[in-house]
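First up is the structure itself, then whatever we jot down about it.
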Amino acid sequence: MTTTAGTSADVTVHKSHARTLIGTGIGNAVEWYDWAIYATFSPFIASALFSQADPTSAVLSTLAIFAVGFVARPFGGFVFGWVGDRIGRKTSMTVAVALGAVGSLLIGIAPTFAAVGAFASVMLLIARLIQGLAHGGELPSSQTYLSEMAPKEHRGFWATLIYTSGTAGILAGTLLGAILTNVLSKEDMSAWGWRIPFLIGGVLGIYALFMRAKMKETEAFEAEAPNEKRLPILPQIIKYRKQAFQVIGLTVGLTVVYYIWGVVAPSYAATALKMDRGEALWAGVIANVVFIAALPFWGKLSDRIGRKPVIIASAAGAALLHFPMTWLLKDSPWQLAVSMSVMLFFIAGSASIVPAVYAELFPTHIRTIGVGVPYSICVAVFGGTAPYLQTWLGSIGQAQLFNVYAVILLLVGIAFAFSIPETKGKDLTV
């Protein structure tokens, strides 16, 4: 009887863990997928939803609206952080993924500029604002939820799901773009093919919504005293300002090098280095597969030796190898694949565990918003501007200045890593 009861309890725990991982992972993947497909299909969006009297202006307007999504992220971090800390992590995650689905569907069904004029551009702007709010809320909510649901002795390993699922979402969007552009003619892509990824994203978002609705709230939030949930937000943010600055310090270098090596590198190689775009894409796919494979390695390592050594080793490795890998990258796909893979292996060290580290820095009643606001601001200011800054400095012959800038930010991350307490195994219910 005891064995049967024990087995039954184990099955229940296993199902609960599976539901947590799937619900968190698919929602996070959909959010990252949405951002990837917008960047991939921006030329088609520009031709469909903006005036073609000036095609260059149409493309720039499309990219400007892409940037608007980054501006909206800190507001999403605040709003959904408040919801997560006052109403519940599950509610915050569910509403965030629902908003993301709405934004994707709006883009997928948006009327063309030829049909309704400037209203098409306005609809795109509204959709991107919605997605920006959703993404600003998705990451801190899902990071907090996952960290609180994870067994404390395996929290570093569980935390790797955030970047694993997110990168999988980016890869899915990128591969879908490659498939559609190869299967459909340019005319079909411009007419209706570009809408397919956004409609798929909307449907996946609705599925993630139902998955998250079945998830349970974290014990840490439910165990929190009611009076703590009603504490004024602003005084609490001020009280934990040191931890907020630590989040920013740990994020600045990571967000810049991740966007440059993990997201922008194939496009940069194709435009600035004149590499074949298809070959650059596949080199990027190979490197991101290496990144996904490296995440659990670093996560498990942090559960054994601690968070601080992993963050320091990760940032130090990326800082030491940034210049050599930049010099290696010339005009060959293998050079791109190797340089991206090497950099992403070390970047994975920090990326794998920062969701756990951020959650471990804050108490329960301020954990979601305490992470969400500084993280979103940091990503918007540093990550969102990194591709533009890299391109601009390269255009005026000062490309090395950007590399110096990236390495300095990584060194800032190392300094902040020394300032945080070792949080491995921390009980998040207190």
| Non-hydrogen side-chain atoms of Pro333 and Leu336 separated by less than 4.5 Å | no
| said: Ignoring hydrogens, what is the shortest heavy-atom contact between Pro111 and Met123? Give both atom names and the distance. | reply: CD-SD, 3.5 Å
| request: Report yes if the side chains of Pro374 and Phe245 come closer than 4.5 Å at any heavy-atom pair, otherwise no. | output: no
| request: Kindly assign one of parallel, tilted or perpendicular to the pair His365 and Tyr240, based on the angle between their ring planes and the thresholds 30° and 60°. | output: perpendicular
| query | For the side-chain hydrogen bond (donor to acceptor under 3.5 Å, both in side chains) test, which of Lys424, Lys308, Arg307 pairs with Ser302? | reply | Arg307
| note | Distance col, row Phe41:CZ vs Ser190:OG, nearest 0.5 angstrom, shows 11.5 Å
| message | Has Tyr33 got a side-chain atom pairing as donor or acceptor with Pro197's backbone, closer than 3.5 angstrom? | response | yes
| How many angstroms lie between atom CD1 of Ile170 and atom OH of Tyr163, to the nearest 0.5 angstrom? | 9.5 Å
| request: With the side chain counted from C-beta on, respond yes when Ile369 and Ile366 share a heavy-atom pair under 4.5 Å apart, and no when they do not. | output: yes
| query | Are side-chain heavy atoms of Phe80 and Leu99 found at a separation under 4.5 Å? | reply | yes
| request: Could you tell me whether a side-chain N or O of Ser104 sits under 3.5 Å from a main-chain N or O of Gly100, the two making a donor and an acceptor? | output: no
| remark: One should read off an interatomic distance between Glu148 CD and Thr368 OG1, to the nearest 0.5 angstrom, of 6.5 Å
| Side-chain donor-acceptor contact under 3.5 Å, Asn28 with Ser165 | yes
| request: Give the minimum heavy-atom separation between Arg155 and Ala356, together with the two atoms involved. | output: CG-CB, 3.9 Å
| said: Once you measure the plane-to-plane angle for Phe291 and Tyr258, does it fall in the parallel (<30°), tilted (30-60°) or perpendicular (>60°) bin? | reply: tilted
| Taking all atoms of both residues into account, what is the closest heavy-atom pair of Leu146 and Ala159, and its distance? | CD2-CA, 4.1 Å
| Lys330 side chain reached by Leu273 side chain, heavy atoms, under 4.5 Å | no
| Atom CD1 of Ile353 and atom CG of Asp303: how far apart are they, to the nearest 0.5 Å? | 9.0 Å
| Okay, side chain of Glu279, backbone of Met275: is any donor-acceptor separation there less than 3.5 Å? | no
| Asn403 versus Gln390: any side-chain heavy-atom pair under 4.5 Å? | no
| What closest approach, in Å, do Gly136 and Ser376 show between heavy atoms, and which atom pair accounts for it? | O-OG, 3.6 Å
| Counting heavy atoms not belonging to Phe297, are there more than 12 under 6.0 Å from its CZ? | yes
| message | Would you compute the distance between atom CG of Leu393 and atom CD of Gln400 and round it to the nearest 0.5 angstrom? | response | 10.5 Å
| remark: Tightest non-hydrogen contact, residues Gly27 and Val97, listed as CA-CG2, 3.9 Å
| task | Work out which heavy atom in Ile292 is nearest to a heavy atom in Pro296; give both atom names and the distance. | result | O-CD, 3.1 Å
| task | Would you kindly check if the NZ (Lys) or CZ (Arg) of Arg73 is within the cone defined by 45 degrees around the ring axis of Trp35 and under 6.0 Å from the six-membered ring centre? | result | yes
| message | If we ignore hydrogens and angles and just use 3.5 Å, is the side chain of Gln52 paired with the main-chain N or O of Ala46 as donor and acceptor? | response | yes
| request: Write out all pairs satisfying ring pair (Phe, Tyr, Trp, His ring centres under 6.0 Å) with one or both partners inside residues 390-421, taking only residues at least two apart or from two chains. | output: Phe402-Tyr405
| Atom CZ of Phe323: over 12 foreign heavy atoms under 6.0 Å | yes
| said: Test your reading of the model: is there a side-chain donor-acceptor pair from Arg195 to the backbone of Gly108, 3.5 Å cut-off? | reply: yes
Donor-acceptor list for residues 124-131 side chains, cut-off 3.5 Å, not counting sequence neighbours:
residue	atom	partner	partner atom	Å
Arg128	NH1	Gln131	OE1	2.6

| field | Thr385 side chain to Phe382 backbone, donor-acceptor under 3.5 Å | value | yes
| task | State whether the side chain of Thr255 and the backbone N or O of Thr251 hold a donor-acceptor pair below 3.5 Å, judged by distance alone. | result | no
| Say you draw a straight line from OG of Ser352 to CD1 of Ile311; how long is it, rounded to the nearest 0.5 Å? | 8.5 Å
| said: Please check: side-chain N/O of Ser339 versus main-chain N/O of Leu328, any donor-acceptor pairing under 3.5 Å? | reply: no
